[in-house]
2 protein chains.
Amino acid sequence: MIVSDVLATGLLQGLDKETAESVLLLAERRMVAAGDIVFTAGEPACAVHVLVSGVVHLVQCTPNGSRIIVKYVRPGEVFGSPALLGRFYPTDAITVTDCLELQWPSEVMRWLVDRNPAMALNVIRNLEARLREMESRVRDLSTEPVEQRLARAILQLVDTYGQLTEEGVEIPFPVSRQDLADLIGCTLHVVSRTLSTWETQRRVKRYRRRLVIADVEAVAGVLYGSQPQVREAPSLPVHGVEAIATFHSAAKISIGRHDVNNAT
Amino acid sequence: MIVSDVLATGLLQGLDKETAESVLLLAERRMVAAGDIVFTAGEPACAVHVLVSGVVHLVQCTPNGSRIIVKYVRPGEVFGSPALLGRFYPTDAITVTDCLELQWPSEVMRWLVDRNPAMALNVIRNLEARLREMESRVRDLSTEPVEQRLARAILQLVDTYGQLTEEGVEIPFPVSRQDLADLIGCTLHVVSRTLSTWETQRRVKRYRRRLVIADVEAVAGVLYGSQPQVREAPSLPVHGVEAIATFHSAAKISIGRHDVNNAT
DNA sequence: CGGGCAGTTGAAGCTCCTCAACTTAAGTGG
DNA sequence: CCACTTAAGTTGAGGAGCTTCAACTGCCCG
């Protein structure tokens, strides 16, 4: 089945064929329509989820009405892992497109992880990656202005979801200005203005809840331009370069990686 | 030995006595003087570390010279877990006080985790907690102004390290204005100004690289005051409350939890 | 006792947010 | 199919919050 391909790089990595299949047999398969809720923040985490196809985003809302997009989940990724520890879901998980997901009840997943060190390691791998991701976002929020944060966010979307069209690279699911704002921690107004000027510079094309990057390199240029040269930088190890590497991989490899069904 | 007490809540949780002791026997014990480097960002992660006593912080530096304090590690916590996956250290780990740490070479830890599901689960628990921490920081950076971020950061320091003295609750290791700034993502100037006004309000006392909270509740009040009432809040699950809960536990329980040797 | 690091404080300026009015696109129902 | 409704997006003006620049104070260590 195709499902196992998606999981081969994630939860099932390093498992032999039989155990992988038995793990899959224990999963509940579920279709979720675009815009639906997979789970809700605050409720007891009853299952570990893996996205097979489509796009899910993890969202938090604050008491004063702001919304934060914590993460876009891509096919193959684990989400809802607090279920392993008998915790509560820390975020809402909401589908952006029609999705297919697998889920394992907490106890089942716990049983599997106890028995298969490789699976435990895969969970660790996943968490480690997400931690790096969040550290990187804290770094950006702390040190970079909106324009650069926006460039980074868009480049990352391009890198993981971008599909090549005649107009340029397109993000194959609805992304509003507000979504981008919630992703980089600013208001939709600034995003709107920034994209406006970027459009006049032929970097992007703007549509309703749709994002097309006409010139990926030009968007990446926003990042380069920011550090013309090092001023007094002690030759300590330094971060912020990997995003540029990420971009390069984007331009070469990852365009049109997933086939995500457009929706709503 | 006392070491095992520290670890009982962390890496060794749920292990029977014999295996716990054999795990400890495989560890290398290491004293690190205040201000020294445990490991450096970018170098191959060769060992998983656990802090036994003292304080370590994880730090990142950006190309344009900013510094971010990613985390204060407290006794019992695991750090350097990328070693498990054969990655590179993503941050510098630098001691704030004299420290005692244990470390396991990557392969050894990998061997242990493969053999003891409980240990794998403990690593997962640790990563999960750190992920929540970082998500919370992203939320704060995105939505809250400096004064509230500062209040939260200080309350968290109080919660995990605070010691009750006659002046109030003290953070038992050196914390500069720059440190606080790097923790909440702003400049030392804003921190300085904010602490100034807080001192006139008898909330804190200011010293050189030393922080005393005279009135914990008053500092927590900064957070309450921020959301006078909900404006249009849909009754969706909401975040930002747990920080207040955190504070309450701070006021009651956690003062004087660790005995950290002051240094430098 | 002097040099340097940590911290304070003022003033100016820029980035971003807020408020507000308006435009455009996508449904919705008669 | 077209008026109506609603959501998404744009753009301007004003102002708050934070950064930057700069000058200065006080503390600690050699």
Side-chain angles (χ1 to χ4, degrees), chain A residues 34-35 62 64-69 96 140-151 153 171 173-200 204-212 222 225-226 231-232 234 262-264, chain B residues 34-35 62 64-69 96 140-151 153 171 173-200 204-212 222 225-226 231-232 234 262-264:
Chain A
T62 68
N64 45 37
S66 343
R67 194 184 71 143
I68 295 99
I69 296 186
V96 180
D140 293 350
L141 281 164
S142 301
T143 64
E144 295 194 330
V146 164
E147 191 181 19
Q148 288 165 48
R149 298 211 301 276
L150 184 59
I171 308 303
F173 53 85
V175 180
S176 69
R177 308 289 180 270
Q178 184 68 58
D179 290 336
L180 289 171
D182 295 345
L183 197 55
I184 68 176
C186 70
T187 60
L188 77 168
H189 305 99
V190 197
V191 171
S192 179
R193 281 183 237 268
T194 309
L195 290 182
S196 283
T197 66
W198 283 4
E199 181 162 65
T200 66
V204 298
K205 303 194 175 186
R206 294 177 301 158
Y207 303 97
R208 275 205 145 203
R209 292 164 59 77
R210 192 169 144 237
L211 193 56
V212 176
V222 173
S226 64
R231 37 174 179 170
E232 182 68 24
N262 231 345
T264 309
Chain B
T62 68
N64 45 35
S66 343
R67 194 185 69 143
I68 295 98
I69 297 186
V96 180
D140 293 350
L141 280 164
S142 302
T143 65
E144 295 194 331
V146 164
E147 191 181 19
Q148 289 167 47
R149 299 212 301 274
L150 184 58
I171 307 304
F173 53 85
V175 179
S176 70
R177 308 289 180 270
Q178 184 68 58
D179 290 336
L180 289 172
D182 295 345
L183 198 55
I184 67 175
C186 68
T187 61
L188 77 166
H189 305 100
V190 198
V191 171
S192 180
R193 281 182 238 267
T194 309
L195 291 182
S196 283
T197 66
W198 283 4
E199 182 163 64
T200 65
V204 298
K205 303 194 176 187
R206 294 176 303 157
Y207 302 98
R208 274 207 142 202
R209 292 167 57 78
R210 193 170 143 235
L211 193 55
V212 177
V222 172
S226 65
R231 33 175 182 171
E232 182 68 23
N262 231 345
T264 310

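Within every chain, numbering begins at 1; the chains are lettered A, B, ... in the order of the sequence lines, protein sequences first and strands thereafter.
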Length of the line joining [X]:[atom1] and [N]:[atom2], which is rounded to integer Å:
| X | N | atom1 | atom2 | value |
| --- | --- | --- | --- | --- |
| B:D179 | C:dA6 | CG | P | 9 Å |
| B:D182 | C:dG7 | CG | P | 12 Å |
| B:W198 | C:dT9 | CH2 | P | 16 Å |
| B:L141 | C:dT15 | CG | C1' | 16 Å |
| B:L211 | C:dA6 | CG | C1' | 14 Å |

Task: Partners passing salt bridge (charged side-chain N to carboxylate O under 4.0 Å, His left out) against A:R206 (at least two apart in sequence or in another chain) - done: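 Only A:E199 meet the salt bridge (charged side-chain N to carboxylate O under 4.0 Å, His left out) criterion with A:R206.
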
TODO: For B:R67, enumerate each residue passing the salt bridge (charged side-chain N to carboxylate O under 4.0 Å, His left out) test, keeping only those at least two apart in sequence or located in another chain.
DONE: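 B:R67 satisfies salt bridge (charged side-chain N to carboxylate O under 4.0 Å, His left out) with B:D179, B:D182 only.
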
Closest approach of [X] and [Y], non-hydrogen atoms and distance?
| X | Y | result |
| --- | --- | --- |
| B:G185 | B:R149 | O-NH2, 3.0 Å |
| B:A181 | B:L188 | CB-N, 3.6 Å |
| B:L141 | B:I184 | CD2-O, 3.3 Å |

Open item on the list: For a quick check, with a 4.0 angstrom heavy-atom cut-off, what is the B/S/- contact string for nucleotides 4-12 of chain D, read 5' to 3'?
Closed with: ---BBSSBB

Open item on the list: To the closest 0.5 Å, what do you measure between OG1 (A:T194) and CZ (A:R177)?
Closed with: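 Separation between the atoms: 11.0 Å.
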
Task: Separation between OG1 of B:T143 and CD of B:Q148, rounded to the nearest 0.5 Å - done: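 The CD atom of B:Q148 is 8.0 Å from OG1 of B:T143, to the nearest 0.5 Å.
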
Open item on the list: When you measure from the side-chain N and O atoms of B:T187 to the phosphate of D:dC18, is any distance below 4.0 Å, counting only OP1 and OP2?
Closed with: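 Checking B:T187 against D:dC18: no side-chain N or O falls below 4.0 Å of OP1 or OP2.
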
Task: End axis versus end axis in the helix from C:dC1-D:dG30 to C:dG30-D:dC1, the angle rounded to 10°, five pairs used at each terminus - done: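 Taking five pairs per end, the axes differ by 40°.
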
Task: Listed partners of B:S192 passing side-chain contact (heavy atoms from CB on, under 4.5 Å), at least two apart - done: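 If we apply the side-chain contact (heavy atoms from CB on, under 4.5 Å) test to B:S192, skipping adjacent residues, there are no hits.
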
